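Presented below is the structure to which this report refers.
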There are 2 protein chains.
Amino acid sequence: MDAVQDEAAGKRARGLDRAFEILDFLRQKRQALKPNEIAAQIGAPRSSVYELVNLLLSNGILEFTGGEGRVYLGRKLYFLGAAYENHFDFTRECEATLERLAGETRETAQFCMLDGNRYTVVRMREGARPFRISTDVGQSVPIPWTASGRLLVAHLSDQDILNFIPPQDFRLPGGEWLEPQTFIAEVRQAEREGLFTFNSIVDSFTHCFAVPVRGEEGHAAATLCLVTPRDDGIANRDRYLDCLKRAAAGLEHAPARPRRG
Amino acid sequence: MDAVQDEAAGKRARGLDRAFEILDFLRQKRQALKPNEIAAQIGAPRSSVYELVNLLLSNGILEFTGGEGRVYLGRKLYFLGAAYENHFDFTRECEATLERLAGETRETAQFCMLDGNRYTVVRMREGARPFRISTDVGQSVPIPWTASGRLLVAHLSDQDILNFIPPQDFRLPGGEWLEPQTFIAEVRQAEREGLFTFNSIVDSFTHCFAVPVRGEEGHAAATLCLVTPRDDGIANRDRYLDCLKRAAAGLEHAPARPRRG
DNA sequence: TATATCTGTCCGCTATATTGTACATATGAT
DNA sequence: ATCATATGTACAATATAGCGGACAGATATA
């Protein structure tokens with residue numbers, strides 16, 4: 001995914017980087033693939049991918065599944081992820097918070113974080129509406145496409161923001177170009193107000209509310225969001241923001257608190 | 001952890017293997033450690049560990065946490081693990097099954113799998129007793145110490161079992177030596193009967209019941225277990241086994257079913 | 001003060017991991 | 001039959017990753 005690092009051509013890639021490139025790619029695809037397909041689609045040498053895939057298979061990081069030699073993320077990753085989740089024990093409180101948020105507002109509530117230099121929905125609770133709005137959990141999305149994105153990079157300097165976000169991510173899904181300076185102005189505004197709301201960029205019928213959940217360093221470690229139909233969102237703006245802020249306050253200490261040690 | 005692979009001395013370790021050795025070690029320790037400590041405790045060159053830790057940090061596989069330069073498993077691993085869990089969607093049904101099992105029996109119910117060549121409790125539900133019996137979720141334990149272990153290796157040949165299980169894992173926690181042939185005989189018995197029960201080897205007051213949850217290849221992909229006080233277990237043996245078998249049957253199709261594709 | 005340990009960085013050597021290429025097989029199209 | 005594509009394996013060349021060891025600051029001990 002990171003097309004940044006291969007600056008000069010003809011450089012050898014490090015095994016570790018390629019390995020995690022493979023893992024990230026499988027996560028993004030969300031399906032088992034043959035080593036050949038992986039190599040072709042990530043633009044890596046076939047022999048390298050075969051070597052790495054076999055190594056990862058023997059470590060339990062990848063598993064054969066789906067037949068025909070296809071591989072997907074393995075059980076070991078689940079165990080490691082569970083250990084992370086256990087250490088930074090945000091899951092339980094997070095789930096309860098989303099439940100309450102969705103109940104209070106009847107809208108879709110999300111808990112979001114950065115995934116490297118992109119944005120991802122970590123957990124979601126759909127609202128109690130006849131037509132529910134939902135998004136894919138675990139998919140990486142360009143930061144500038146989202147309301148939360150304004151908050152999640154607010155601790156960085158302007159220059160760091162520009163270095164951090166892949167340039168092509170300022171190209172919006174419709175094809176329009178979001179001027180980075182415009183984005184940064186919104187980041188600063190979000191930082192001052194401690195929230196960000198807008199009519200979603202990725203569709204034409206939702207309004208998004210985001211507030212920060214601050215971690216131990218004081219900047220937004222995550223966000224809580226509501227995704228609503230535009231008219232409902234605008235009509236209930238104050239109440240929704242109030243719900244969000246109280247919910248975020250309840251999570252503030254949780255995300256970065258180790259359980260043992 | 002795998003002391004098996006370094007056969008000849010003086011061999012260089014591969015970066016990928018070392019990297020996952022570090023990750024596994026952190027998972028086992030369940031706490032943030034300094035690179036120096038990691039190097040010392042896994043017996044790896046300091047310079048290599050520093051190099052790898054920095055690489056893993058920059059990929060989000062590790063994170064600084066706990067201060068003083070300590071590192072622990074990172075967010076990226078959580079995302080990858082969540083993708084695995086999402087693909088092999090056993091969690092939801094598993095949770096409900098354990099809930100029901102614990103409710104029917106009032107005993108501690110566990111869902112267990114292999115973690116490489118060891119055994120681990122993936123999910124657990126404590127029983128509704130005044131004194132509850134519980135174990136650590138996510139810790140790796142030698143296969144021969146557990147009832148489930150008899151089922152989880154039953155698809156292997158005798159020789160493969162001996163190759164698969166680290167020899168020192170036949171040393172029981174009390175120090176006694178479990179003869180591998182005795183273990184294998186129990187494996188075959190468990191295979192025939194489709195269950196295994198015994199008075200636990202790791203303590204003196206529990207009785208363990210295990211039944212297989214079969215995956216797509218027909219062998220035990222996981223187990224469901226009950227951990228009970230000895231007298232209760234023996235008194236309710238038939239009923240408990242019946243509960244377990246029905247629960248396992250309900251999970252049979254779930255563990256290996258991809259959701260999309 | 002000197003001495004020892006813990007910690008992190010830096011650098012040169014060389015064993016080896018990555019990679020391009022060739023090879024082998026299967027499948028499908030023409 | 002011939003050609004093209006998809007798939008996996010084998011191997012040698014060389015760029016480089018892993019390693020040992022030197023160095024230095026910080027902290028503790030004598």
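The chains referred to below are lettered A, B, ... by the order of the sequence lines, with proteins before strands, and numbering in each begins at 1. Values in this document were obtained by computation on a predicted structure and should not be read as measured data.
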Whole-Å distance separating the CG atom of A:Asn54 from the C1' atom of C:dT19: 16 Å

Whole-Å distance, A:Leu55 CG to D:dT9 C1', equals 15 Å

Between C:dT7 atom P and B:Gln41 atom CD, what is the distance in whole Å? 10 Å

Could you check whether A:Arg18 gets within reach of a base, just the sugar-phosphate, or nothing at all, counting any heavy atom under 4.0 Å? sugar-phosphate

Length of the line joining B:Leu16:CG and C:dT16:P, which is rounded to integer Å: 16 Å

With a 6.0 Å cut-off on ring centres, are A:Phe90 and B:Tyr78 close enough? yes

When A:Pro35 and B:Ser47 are each assigned the nearest nucleotide of DNA chain D, the 5'-most assignment goes to A:Pro35

D:dC19, D:dA15, D:dG8: which one has an atom nearest the side-chain heavy atoms of B:Arg12? D:dC19

Under 3.5 Å, side chain of A:Glu252 to main-chain N/O of A:Arg214, donor-acceptor pair present? yes

Of all the nucleotides listed (C:dG8, D:dG18, D:dG20), which has the minimum atom distance to the side chain of B:Pro45? D:dG20

Between the main-chain N or O of A:Leu114 and the side-chain N or O of B:Arg75, is there a donor-acceptor pair closer than 3.5 Å? yes

Would you mind telling me which of D:dC19, C:dG8, C:dT18 lies closest to the side-chain atoms of B:Tyr50? C:dG8

Does any donor-acceptor pair link the side chain of B:Arg46 with the base of C:dG8 at a separation under 3.5 Å? yes

Output yes when a side-chain donor or acceptor of A:Arg118 lies under 3.5 Å from a complementary backbone atom of A:Pro166, and no otherwise. no

Considering every strand and a 4.0 Å limit on heavy-atom distances, what is the contact class for A:Arg14: base, sugar-phosphate, or nothing? sugar-phosphate

Just how far, in rounded Å, is P of D:dA17 from CG of A:Asp17? 9 Å

Starting the side chain at C-beta, find the nucleotide from D:dT7, C:dT7, D:dG18 nearest to A:Glu37. D:dT7

Grab the CZ-P distance between A:Phe64 and D:dT7 for me, whole Å please. 14 Å

d(NZ, B:Lys34; P, D:dG25) in whole Å: 19 Å

Nearest whole Å is fine: how far is C:dT19 P from A:Glu51 CD? 10 Å

Look at the side chain of B:Trp145 and the backbone N and O of B:Arg171, then say whether any donor-acceptor pair between them is shorter than 3.5 Å. yes

